[in-house]
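Notes to accompany the following structure.
Count residues from 1 along the sequence.
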Amino acid sequence: MENKVRVRFAPSPTGPLHIGGVRTALYNYLFAKKHKGDFILRIEDTDQKRYVEKAEDYIVESLNWCGIPYDEGPAKPGKYGPYKQSERKEIYQKYIQVLLDKGEAYYAFDTPQELDQLRAEAEKKGEKFSYGPSNRNELNNSLHLEEEETKKRIASGDFVVRFKTPVNTTLNIKDEVRGYVEVQTDNLDDKILFKSDGLPTYHLANIVDDHLMEITHVIRGEEWLPSLPLHYLLYEAFGWKAPSFAHLPLILKPSGKGKLSKRDGDKDGFPVFPLQWKDPKTGDLSSGYREDHYLPETLVNVLAFLGWNPGTEQELFSLEELIQAFDLKKVNKAGAKFDPKKTLWFQQQYLQKAPIEYLMKAFMNELESLEIEASEAYVEEVIHTVKERATFVSDLWELSSFYFEAPQDFAPKASKKVWKEDTEIVMKKLIEVISEVDDFSEENLKEEIKPWIADSGYGFGKVMQPLRLSLVGDMKGPDVFHILASIGKNEAVKRMNFAIQSLS
């Protein structure tokens, strides 16, 4: 029987979660759920210098808002915890000793000054200094120092532990997205795995945790591709079976040139974070999709398509449909351009599909803040009438304010165009017609007013355009008869009289 699929999202709490990170989490989630597996959150907080307060809470809140919660992790412990690397120090100490005992790692005592000097000397020759298979036996480490000397230096507490890269070996590592990656080990560094402060580097902690947490597939960003040979070699050094690896393409700027950054969002006015983020140090505020009134379904659908394609014409996917359709083999190698306009299109589509209860609740709250009272039935009818023109819930008021409030002024351009010398006479006659109508339903208003316009010889535009202007204040909005029926006879006559006073 095959092992149960277990994937992990392993961010560092060094600031807000970028949408690139959310996409990595999403792909892990989709893959896990498709294969009836587990989605684990692990917080990689070994770099305490860069640790940012509240970043971890932000990560969890972002995943929950997107509707891709983790199955196992901080505050949801399974049997593989703890799920924060800062709480796993003793585990790493045990495993670095395993590598040292097997001769797969060694102590290095080179000071930063010595290494700087070696880099400077290499630079003078037009070369790049690398600490690895070609020169490690000439450097300041336990590979050639006497045992007593090595012990003495370890006791002084100033050391790192480096991985001993195999010499003259060709690696052929399979990547689920990129095919086989071939690497010559003589071109690799002996990376630092452990520091004298008792903390591992990312590389060691990552491999040990993935093994102990029984991770079957490592799905992560392209920026980790250069680390793949080391990680693969570490599995071999421990004698463990490596998981399957998949490296996701970058999310690019809208121009397609370079990686998407916060600066691009600031410049072009779109968020690059799922939620708003306030920097605890500077107090700077960065916008978020949630606070900018996007629906979580919008962001999920947009991110799913940044690097993956189902190979069909379908663009709108529910989370359940994404789970069914998702396939690592259909993830692209090339970077994916972020398109803010396409994101707005997705948002508009999802707003149309949003449950009326959600729209009602949000819009009723807005009306309450404006101190406008209206029945739920009336508000629901208005939303159904105007929502197809809305992209955000916040657009509903602008699209429908005239259903709740009479215009206080009239758009100058529209007024000039439709309000002529004889319009006052036409509107006064129309007021007489409207005042006589008893059944003020939309259908009946059409039956009463349309024949009157035809008989009067005014022409449809000459009557209906100034009527719209009177009721709305501008030449916008849905069917005029719907507006008339909704606001009622008294309000309609009042608005028409106000327009006559203001514009004639």
Exercise. With no hydrogens and no angle check, is any side-chain donor or acceptor of Thr185 less than 3.5 Å from a backbone partner on Pro166?
Worked result: yes
Scan the side chains in residues 354-374 for donor-acceptor partners under 3.5 Å anywhere in the protein, sequence neighbours excluded, and list what turns up.
unit_1	atom_1	unit_2	atom_2	d
Asn365	ND2	Lys361	O	3.3
Ser369	OG	Glu366	O	2.6

Exercise. Does Glu127 CD have over 12 foreign heavy atoms under 6.0 Å away?
Worked result: yes
Exercise. Salt bridge check: are Lys4 and Asp38 linked by an N-O gap of less than 4.0 Å?
Worked result: yes
Exercise. Is a side-chain N or O of Glu297 found less than 3.5 angstrom from the main chain of Gly67, in a donor-acceptor match?
Worked result: no
For this session: Identify whether NZ of Lys or CZ of Arg in Arg220 sits under 6.0 Å from the centre of the six-membered ring of Phe245 and within 45° of that ring's axis.
Result: no
Exercise. Which atoms form the tightest heavy-atom contact between Cys66 and Pro296, and what is the distance?
Worked result: CA-CB, 4.1 Å
Exercise. Judged by atom type as modelled, is there a donor-acceptor pair below 3.5 Å linking the side chain of Tyr83 to the main-chain atoms of Tyr80?
Worked result: yes
Exercise. Checking Lys387 side chain against Gln352 main chain: does a donor-acceptor pair fall under 3.5 Å?
Worked result: yes
Problem set entry | Main-chain N/O of Ile192 paired to Thr201 side chain as donor or acceptor, under 3.5 Å | yes
Problem set entry | Cation over ring face, Arg162 and Tyr131, 6.0 Å, 45° | yes
Exercise. Between Tyr202 and Trp224, does a ring pair (Phe, Tyr, Trp, His ring centres under 6.0 Å) hold up when you go through it step by step?
Worked result: CA-CA 11 Å; Tyr202 167 82; Trp224 295 112; 4.2 Å; yes
Problem set entry | From Lys49 atom NZ to Thr14 atom OG1, the distance as rounded to the nearest 0.5 Å | 14.0 Å
Problem set entry | Residues, nucleotides or ligands: over 12 heavy atoms within 6.0 Å of Lys76 NZ | yes
For this session: Look at the side chain of Ser12 and the backbone N and O of Glu44, then say whether any donor-acceptor pair between them is shorter than 3.5 Å.
Result: yes
Exercise. With a 4.0 Å cut-off, would you call Asp284 and Lys278 a salt bridge?
Worked result: no
For this session: Salt-bridge test for Arg119 and Glu123: reply yes if a basic N is under 4.0 Å from a carboxylate O, no otherwise.
Result: no
Exercise. Which heavy-atom pair separates Leu396 from Ala390 by the least distance, and what is that distance?
Worked result: CD2-CB, 4.0 Å
For this session: Find the distance between CZ (Phe317) and CG (Leu319) and round it off to the nearest 0.5 Å.
Result: 12.0 Å
Exercise. Closest approach of Pro133 and Leu188, non-hydrogen atoms and distance?
Worked result: CD-O, 3.4 Å
Exercise. Does atom CD of Gln314 have more than 12 heavy-atom neighbours from other groups under 6.0 Å away?
Worked result: yes
Problem set entry | Pro200 versus Phe194, closest heavy-atom pair with distance | CA-CD1, 3.7 Å
For this session: Using a cut-off of 6.0 Å, state whether more than 12 heavy atoms not belonging to Glu90 lie near its atom CD.
Result: no
For this session: Please say whether more than 12 non-hydrogen atoms of neighbouring residues, nucleotides or ligands are located less than 6.0 Å from NZ in Lys337.
Result: no
For this session: Flag the pair Leu139 / Asn135 as yes when at least one side-chain heavy-atom distance between them is below 4.5 Å, and no otherwise.
Result: yes
Problem set entry | Distance-only polar pair, side chains of Thr391 and Gln348, donor-acceptor under 3.5 Å | no
Exercise. Got a salt bridge between Glu315 and Lys342, using NZ or NE/NH1/NH2 to carboxylate O under 4.0 Å?
Worked result: yes
Problem set entry | Lys/Arg N to Asp/Glu carboxylate O, Arg42 vs Asp210, below 4.0 Å | yes
Exercise. Going through the distances and angles, do Phe338 and Phe270 end up as a ring pair (Phe, Tyr, Trp, His ring centres under 6.0 Å)?
Worked result: CA-CA 11 Å; Phe338 183 79; Phe270 62 86; 5.0 Å; yes
Exercise. Stepwise, does the side chain to side chain donor-acceptor pair (under 3.5 Å) test hold for Gln113 with Gln117?
Worked result: CA-CA 6 Å; Gln113 294 79 4; Gln117 195 180 335; over 6 Å; no
For this session: Please determine if Lys124 and Glu121 form a salt bridge, counting it only when a charged side-chain N lies under 4.0 Å from a carboxylate O.
Result: no
Problem set entry | Side-chain (Asp197) to main-chain (Leu199) donor-acceptor, under 3.5 angstrom | yes
Exercise. What heavy-atom pair brings Pro229 and Ile173 nearest, and what distance separates the two atoms?
Worked result: CA-CD1, 3.8 Å
Exercise. In Å, rounded to the nearest 0.5 Å, how long is the span from OG of Ser62 to CG of Leu17?
Worked result: 5.0 Å
Exercise. Passes ring pair (Phe, Tyr, Trp, His ring centres under 6.0 Å), Tyr294 versus Trp65? Steps please.
Worked result: CA-CA 11 Å; Tyr294 284 85; Trp65 179 71; 8.8 Å; no
Exercise. In this structure, are over 12 heavy atoms from other groups packed under 6.0 Å from Lys89 atom NZ?
Worked result: no
Exercise. With no hydrogens and no angle check, is any side-chain donor or acceptor of Asn28 less than 3.5 Å from a backbone partner on Thr24?
Worked result: yes
Exercise. Is the closest basic N to carboxylate O distance between Asp395 and Arg389 below 4.0 Å?
Worked result: no
For this session: Might you confirm whether atom CD of Gln93 has over 12 heavy atoms from other residues, nucleotides or ligands at distances under 6.0 Å?
Result: yes
Exercise. Is there a donor-acceptor pair under 3.5 Å between the side chain of Ser196 and the backbone N or O of Gly157?
Worked result: yes
For this session: Would you sort out whether His35 and Phe31 count as a ring pair (Phe, Tyr, Trp, His ring centres under 6.0 Å), showing the intermediate values?
Result: CA-CA 6 Å; His35 297 282; Phe31 186 81; 4.5 Å; yes
Exercise. Taking atom CD of Glu222 and atom CD1 of Ile251, what is their separation to the nearest 0.5 Å?
Worked result: 11.5 Å
Exercise. Do other residues, nucleotides or ligands put more than 12 heavy atoms under 6.0 Å from Lys174 NZ?
Worked result: no
Exercise. Would you call Lys281-Asp279 a salt bridge at under 4.0 Å N-O?
Worked result: no
Exercise. Please walk me through it: do Arg88 and Asp209 pass salt bridge (Lys or Arg N to Asp or Glu O under 4.0 Å)?
Worked result: CA-CA 9 Å; Arg88 297 172 65 83; Asp209 289 345; 2.7 Å; yes
Exercise. Is the side chain of Thr216 donor-acceptor paired with the backbone N or O of Val5 at a distance under 3.5 Å, no angle test?
Worked result: no
Problem set entry | Atom pair CG (Leu204) and NE2 (His231), whose distance is rounded to the nearest 0.5 Å | 9.5 Å
Problem set entry | Side-chain H-bond candidate by donor/acceptor type, Tyr350 with Asn301, under 3.5 Å | yes
Problem set entry | Pairing of Asp57 and Lys54 as salt bridge, 4.0 angstrom limit | no
For this session: Just do the salt bridge (Lys or Arg N to Asp or Glu O under 4.0 Å) check on Asp189 and Lys191 with the steps written out, would you?
Result: CA-CA 5 Å; Asp189 293 6; Lys191 286 275 188 278; 3.4 Å; yes
For this session: Identify whether NZ of Lys or CZ of Arg in Arg23 sits under 6.0 Å from the centre of the six-membered ring of Tyr27 and within 45° of that ring's axis.
Result: yes
Exercise. Salt-bridged, Glu214 to Lys241, with N to O below 4.0 Å?
Worked result: no
Problem set entry | Results of salt bridge (Lys or Arg N to Asp or Glu O under 4.0 Å) for Lys84 - residues two or more places apart only | Glu56
Exercise. Any salt bridge between Glu72 and Arg6, counting N to O under 4.0 Å?
Worked result: yes
Exercise. Below 4.0 angstrom, N of the basic side chain to O of the carboxylate: do Asp268 and Lys341 qualify?
Worked result: no
Exercise. Looking only at heavy atoms, what is the nearest atom pair of Pro69 and Tyr29, with distance?
Worked result: O-CE1, 3.7 Å
